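Model, not experiment: these values are computed from the prediction. As a basis for the values below, the full set of heavy atoms in this structure was taken, side chains included, without hydrogen atoms, waters or symmetry mates. Order of appearance sets the numbers: ligands from 1, and atoms from 1 within every ligand.
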Amino acid sequence: MHAISDFRSDTVTLPTPEMREAMARAELGDDVLGTEPTVNRLEAMTADLLGKPAALFVPSGTMSNQIAIALHAANGEEVICEYGAHTYNNESGALALIARAQVRPVQGKGGVMDPAEVEKLIRPKNIHNPRTAVISVENTHNAAGGTIVPLANIRTLHEVARRHRTAYHLDGARLWNAHVATGVPLKDWCTPFDTVSVCLSKGLCSPVGSVLVGSRELIERGRYMRKQLGGGMRQSGLLAACGIVSITRMIDRLAQDHMRARALAEGLAKLPGVQLDLSTVQTNILYFAVPGRESEFDGWLKRLEDQKVLAMYLGSRWRLVTHNDVDDEDVARALKAWQSILG
Ligand SMILES: *Cc1c(COP(=O)(O)O)cnc(C)c1O
């Protein structure tokens, strides 16, 4: 058990002792000058892991997604994504500001878009219409509950993208979780996409960092854009060293996060008034509502905190996330705390 059981997000994880050692030992250079051996190694390893020719280490998932979408769309062109997508809702309007794209959202089921519906939304070529430049998928889908977008759906959407010559992007901030939960190899998940963004700083414990992968040509242009956005870093091998630990040592253990989220969800679902759809608890995120009691949520936050449990509510839903820095005892403590509030 930890001093505080923090279920707010899988970004709260601290770098592991192995990461701190890797930072101390990292061979360093200057990445903007192209001579950062540890960053170069992380980029090569991630490209290889995801089966793409090239990779770019960036400070955040937001920058990674925005560079990718800007590579595919610009000047008011359109991106099709799911209604709850992070790129659309949680990147502070960057799609309009940085990628200068507009959004055509699709209401999915559990974060999964219907390919037939997506195809209908692709604009015919016409002087009045924005060009549909890119289809963007999120896997796992955060706002839908860390749900997995099935490979078959991803492949059908790829056919749609190909038929209409639109680019195809994956916001794979938690692609690792989809891989671990299904056993589908990372490369298979990535094959259909032109660009894939993955986060090292969520369940994989790195302090900072995401990686964008794609063709050499796209990544070269992306490197230029990263510099324009102020994301060119110097001795960033200190961070990349953690990233290397993330992708080599921290992926398989996500299975434990999934089991703990499941245990937590099953316990919470039994409490009076809790509305929790267990079918959406597929990885490390769970959401639940307690209809009619929203006005008490602020007070509940404090009562949880008194019992050393941190959680988060977004609108009318609570969100709890498991990660490397919560263990079985933290889960038991959280269940006890919720029982004291609702039981
Ligand atoms: C966290 C997250 C991102 C990137 O967020 P940053 O905080 O900018 O690193 C992108 N997509 C999804 C689905 C996320 O959950």
Side-chain angles (χ1 to χ4, degrees), residues 6-13 15 42 46 50 56-70 79 81-95 97-99 101 103 105-106 108 110-113 134-149 154 169-179 181 189-190 193 195-213 222 225-226 229-231 233 236 239-240 242-243 246-247 254 257-258 261 280 282-287 312 314 317 319-324:
D6 191 345
F7 292 90
R8 289 173 302 166
S9 172
D10 48 7
T11 56
V12 301
T13 49
L42 171 67
T46 311
L50 302 181
L56 180 69
F57 181 50
V58 291
S60 69
T62 297
M63 193 184 287
S64 189
N65 279 325
Q66 295 305 326
I67 288 175
I69 292 172
V79 44
C81 66
E82 206 280 328
Y83 208 88
H86 194 279
T87 45
Y88 172 38
N89 298 284
N90 306 109
E91 297 182 6
S92 319
L95 269 183
L97 181 72
I98 295 169
V103 177
V106 176
V112 180
M113 298 185 281
V134 51
I135 299 171
S136 181
V137 174
E138 182 172 315
N139 201 15
T140 64
H141 194 294
N142 184 345
T147 50
I148 298 160
V149 179
I154 282 173
H169 173 67
L170 174 64
D171 175 0
R174 294 186 185 79
L175 183 64
W176 323 112
N177 297 82
H179 157 64
W189 284 115
C190 296
F193 294 100
T195 46
V196 177
S197 167
V198 289
C199 282
L200 307 169
S201 60
K202 302 258 161 100
L204 303 190
C205 297
S206 274
V208 173
S210 283
V211 182
L212 180 67
V213 299
M225 282 192 57
R226 182 187 66 175
L229 295 171
M233 299 178 284
S236 38
L239 302 172
C242 297
S246 285
I247 61 170
L254 292 171
D257 298 349
H258 299 174
T280 66
Q282 300 169 9
T283 57
N284 69 327
I285 301 177
L286 68 88
Y287 285 90
M312 198 189 263
L314 307 157
R317 299 188 301 168
R319 186 181 80 155
L320 279 77
V321 186
T322 54
H323 50 75
N324 189 50

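Contacts of Asn65 with ligand 1, taken as heavy-atom pairs under 4.0 Å, involve the side chain alone. Contact annotation: for Arg174 versus ligand 1, heavy atoms closer than 4.0 Å belong to the side chain alone.
If you check which protein heavy atom lies closest to atom 11 (N) of ligand 1, you get Asp171 OD2, 2.6 Å. Nearest to atom 14 (C) of ligand 1 among the protein's heavy atoms is Lys202 NZ, 2.8 Å. Protein heavy atom closest to atom 9 (O) of ligand 1, with residue, atom name and distance, is Gly61 N, 2.8 Å. The protein non-hydrogen atom at the shortest distance from atom 8 (O) of ligand 1 is Thr62 OG1, 2.6 Å.
Scanning both residues, Ala261 and Thr283, for their nearest heavy atoms gives CB-O, 3.4 Å. Minimum interatomic distance between Ser60 and Met63 (heavy atoms only, all atoms of both residues): OG-N, 3.0 Å. Annotation for Asn142 and Glu138: closest pair N-OE2, 3.0 Å, computed over non-hydrogen atoms.
Screening Ser64, Ser210, Ser136 for a side-chain hydrogen bond (donor to acceptor under 3.5 Å, both in side chains) with Ser197, the sole residue that qualifies is Ser64.
Checked by distance only, ligand 1 and Asn142 come closer than 3.5 Å through their nitrogen or oxygen atoms.
Per-residue contacts place Glu91 under 4.0 angstrom from the following atoms of ligand 1 (heavy atoms of the residue considered): 10 (C).
Relative ring orientation between Phe7 and His323 is described as tilted, the plane-to-plane angle lying within the 30° to 60° band.
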